[in-house]
Amino acid sequence: MDFFSDHKKLFSSALAFFLFLTLVICILPALNNQKVYKPLPGSKALTEEESHGKEIYIREGCVGCHTQQVRNVDMDQVFGGRPSLAIDYARNRRLNLFQNTATLMGTERTGPDLINIGSRQPSKEWQYSHLFNPRSVVPESVMPSYQWMFLIKDELQTGDVEVNVPDKFKIGIKGKIVPSKDAQDLVAYLLSLKQTELPKSIPTREFLYKVEKKADGNSQGDNLPDGTTLFTTNCASCHQANGEGLPGAFPALKGSPVVLGNDLELYVTIIMKGYDPRPEYATMPAVGTNAGFSPAEVAALINHERTSWGNTGKKVTADEVKVIMDKIK
């Protein structure tokens with residue numbers, strides 16, 4: 001009974017018990033996780049610029065409106081090719097001695113998920129325009145403008161990148177719009193966000209979805225994916241929902257000779273490998289390859305573009321597209 005009357009023994013024992021529990025419950029499991037929890041083989045560590053861009057992402061509170069996690073539900077297929085796994089976040093580390101690992105998975109989707117934005121929208125030109133004024137590329141966007149991350153210069157200097165935005169978003173601005181170092185690093189970080197392909201030893205979780213059936217038991221439509229959703233997710237941010245593009249930045253698909261023409265091989269090649277023949281427009285990245293489009297998805301996208309905004313082009317089949325995709329690999 002003397003033990004409970006001696007405050008020194010009592011508090012010393014409580015402290016020792018607390019430290020023991022901390023060791024067993026927190027420290028040892030953390031050390032074990034650090035030992036066995038390795039990044040995916042194909043993942044890449046952030047460069048110095050990308051790491052600084054991550055700090056800017058945190059500083060500007062981007063996590064308040066964006067997530068970095070693809071759930072295994074059908075609606076999340078527009079954000080990534082597969083549901084996210086814990087191993088996707090294995091490279092997350094403490095920011096510094098005084099700041100713990102930043103939790104960037106997020107809980108709000110006021111804006112789209114960004115875990116695969118580097119593949120979905122790999123155009124630097126688009127990212128800079130979007131950062132300067134989101135309405136310049138996505139008219140319905142509610143994201144604030146980050147114009148303070150850009151410089152206005154009378155003349156471009158060596159290494160400068162000019163941001164081309166429509167004139168109505170440059171009212172009161174005289175000179176060239178150039179991204180600052182912070183803007184360049186933030187965009188570098190965003191472009192680094194790409195889902196890593198899983199090794200064969202790791203099974204991929206399936207997306208949970210419903211297949212709507214007709215009365216005769218067949219799936220609705222022509223057995224192709226939803227071309228409207230594919231366009232909205234992968235193309236509308238540049239070419240716009242109305243297909244009219246942005247003058248001086250992204251070409252129109254409405255009335256486009258490529259969209260309505262008979263050269264299907266050119267059309268498929270542009271989607272899968274990108275396009276850069278016209279200096280008056282930004283370079284189009286390899287959207288189809290980056291997003292991992294299947295022949296059925298490419299066919300659905302082409303059919304949507306050929307039958308929207310007044311276009312009256314001929315529809316194609318997945319088999320026709322597959323022949324071309326196999327040829328241009």
Side-chain angles (χ1 to χ4, degrees), residues 26 29-96 99-124 126-127 130 185-209 225 229-230 233-234 237 285-294 297:
C26 299
L31 291 175
N32 184 64
N33 282 344
Q34 191 172 8
K35 180 181 178 181
V36 302
Y37 194 49
K38 301 296 183 182
L40 286 168
S43 68
K44 298 180 180 178
L46 297 178
T47 64
E48 182 178 347
E49 291 77 15
E50 292 164 356
S51 295
H52 181 242
K54 180 179 178 180
E55 295 176 8
I56 303 301
Y57 183 93
I58 295 168
R59 184 192 74 189
E60 298 297 337
C62 301
V63 70
C65 294
H66 295 283
T67 56
Q68 290 187 29
Q69 54 175 310
V70 177
R71 302 166 300 178
N72 65 326
V73 292
D74 182 48
M75 66 178 69
D76 277 19
Q77 290 194 62
V78 298
F79 298 128
R82 60 172 176 80
S84 298
L85 300 172
I87 200 171
D88 289 318
Y89 309 96
R91 289 193 179 276
N92 286 358
R93 294 290 184 269
R94 293 184 67 91
L95 297 177
N96 52 56
Q99 289 180 287
N100 203 347
T101 304
T103 302
L104 301 180
M105 293 177 68
T107 59
E108 295 288 338
R109 279 184 178 161
T110 305
D113 183 89
L114 299 179
I115 196 170
N116 203 39
I117 190 65
S119 295
R120 295 202 320 266
Q121 188 50 267
S123 168
K124 281 188 178 181
W126 186 93
Q127 295 288 355
H130 183 254
D185 289 351
L186 176 56
V187 168
Y189 171 67
L190 293 174
L191 296 183
S192 76
L193 297 177
K194 300 177 181 179
Q195 281 188 311
T196 304
E197 184 175 351
L198 294 179
K200 294 181 179 179
S201 59
I202 301 179
T204 302
R205 290 192 300 165
E206 298 294 331
F207 286 103
L208 304 178
Y209 65 96
T229 300
L230 287 168
T233 304
N234 299 280
S237 57
V287 174
T289 299
N290 293 331
F293 280 176
S294 66
E297 289 173 321

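Hydrogens, waters and symmetry mates play no part in the numbers below; they use all other heavy atoms, side chains included.
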- Message: I want to check something: taking the side chain as every heavy atom from C-beta on, are Leu85 and Leu198 in contact at a cut-off of under 4.5 Å?
- Response: yes
- Check the surroundings of atom CD in Glu49: do more than 12 heavy atoms from other residues, nucleotides or ligands lie under 6.0 Å from it? yes
- For Thr289, which residues count as a side-chain hydrogen bond (donor to acceptor under 3.5 Å, both in side chains) partner, sequence neighbours excluded? none
- Message: For Asn234 versus Ala291, what's the shortest heavy-atom pair and its separation?
- Response: OD1-CB, 3.9 Å
- Stepwise, does the side chain to side chain contact (heavy atoms under 4.5 Å, CB included) test hold for Phe79 with Ile117? CA-CA 8 Å; Phe79 298 128; Ile117 190 65; over 6 Å; no
- Message: Pair Ile202, Leu40 - check side chain to side chain contact (heavy atoms under 4.5 Å, CB included), show working.
- Response: CA-CA 10 Å; Ile202 301 179; Leu40 286 168; 3.8 Å; yes
- Message: Suppose we screen for side-chain hydrogen bond (donor to acceptor under 3.5 Å, both in side chains). Which residues come up paired with His52, at least two apart in sequence or across chains?
- Response: Asp185
- At their closest point, which heavy atom of Val78 faces which heavy atom of Met75, and how far apart are they? CG2-O, 3.5 Å
- Task: Please lay out, stage by stage, how Glu108 and Cys65 fare under the test side chain to side chain contact (heavy atoms under 4.5 Å, CB included).
- Result: CA-CA 5 Å; Glu108 295 288 338; Cys65 294; 5.7 Å; no
- Item | side-chain contact (heavy atoms from CB on, under 4.5 Å) against Arg91, all qualifying residues, sequence neighbours excluded | Pro39, Ser43, Ala45
- Which heavy atom in Asn290 sits nearest to a heavy atom in Ser119, and how many Å separate them? CB-O, 3.1 Å
- Message: Can a donor-acceptor pair be found, under 3.5 Å and without considering hydrogens, that links the side chain of Asn116 to the backbone of Lys194?
- Response: no
- Query: Between atom CZ of Arg93 and atom CG of Leu46, what is the distance when rounded to the nearest 0.5 Å?
  - Reply: 11.0 Å
- Note on the structure: Residue set satisfying salt bridge (Lys or Arg N to Asp or Glu O under 4.0 Å) with Asp76, at least two apart, ordered chain then number -> Arg71, Arg109
- Query: What are the two closest heavy atoms between Glu50 and Ala188, and how far apart are they?
  - Reply: CG-O, 3.5 Å
- Return the minimal non-hydrogen interatomic distance between Leu114 and Leu190, and the atom names on each side. CD1-CD2, 4.2 Å
- Note on the structure: Applying side-chain contact (heavy atoms from CB on, under 4.5 Å) to Ser123 and not counting sequence neighbours gives Gln121, Glu125, Trp126, Pro285
- Non-neighbouring partners of Phe293 that pass ring pair (Phe, Tyr, Trp, His ring centres under 6.0 Å), sequence neighbours left out: none
- Task: Could you tell me the separation between the OH atom of Tyr189 and the CD1 atom of Ile56, rounded to the nearest 0.5 Å?
- Result: 12.0 Å
- Scan for salt bridge (charged side-chain N to carboxylate O under 4.0 Å, His left out) pairs involving residues 77-86, sequence neighbours excluded, and state none if there are none. Arg82-Asp88
- Side-chain donor or acceptor of Asp113 paired with backbone N/O of Gln68 under 3.5 Å: yes
- Query: Would you say Ser84's side chain and Val70's backbone share a donor-acceptor pair under 3.5 angstrom?
  - Reply: yes
- Partners of Thr196 by side-chain hydrogen bond (donor to acceptor under 3.5 Å, both in side chains), sequence neighbours excluded? none
- Between CD of Glu206 and CG of Asp74, what distance do you get to the nearest 0.5 Å? 12.0 Å
- Could you note down all residue pairs passing salt bridge (charged side-chain N to carboxylate O under 4.0 Å, His left out) where residues 55-65 supplies at least one of them, sequence neighbours left out? Arg59-Asp182
- Item | His66 side chain to Gly106 backbone, donor-acceptor under 3.5 Å | no
- Which is it for Tyr89 and Gln69 under the side chain to side chain contact (heavy atoms under 4.5 Å, CB included) test, yes or no, and what are the steps along the way? CA-CA 10 Å; Tyr89 309 96; Gln69 54 175 310; 3.5 Å; yes
- Query: Quick one: side-chain contact (heavy atoms from CB on, under 4.5 Å) partners of Ile58, sequence neighbours excluded?
  - Reply: Lys54, Leu95, Ala102, Leu104
- Note on the structure: Sorted by chain and number, sequence neighbours left out, side-chain hydrogen bond (donor to acceptor under 3.5 Å, both in side chains) with Gln127 holds for none
- side-chain contact (heavy atoms from CB on, under 4.5 Å) against Pro41, all qualifying residues, sequence neighbours excluded: Pro199
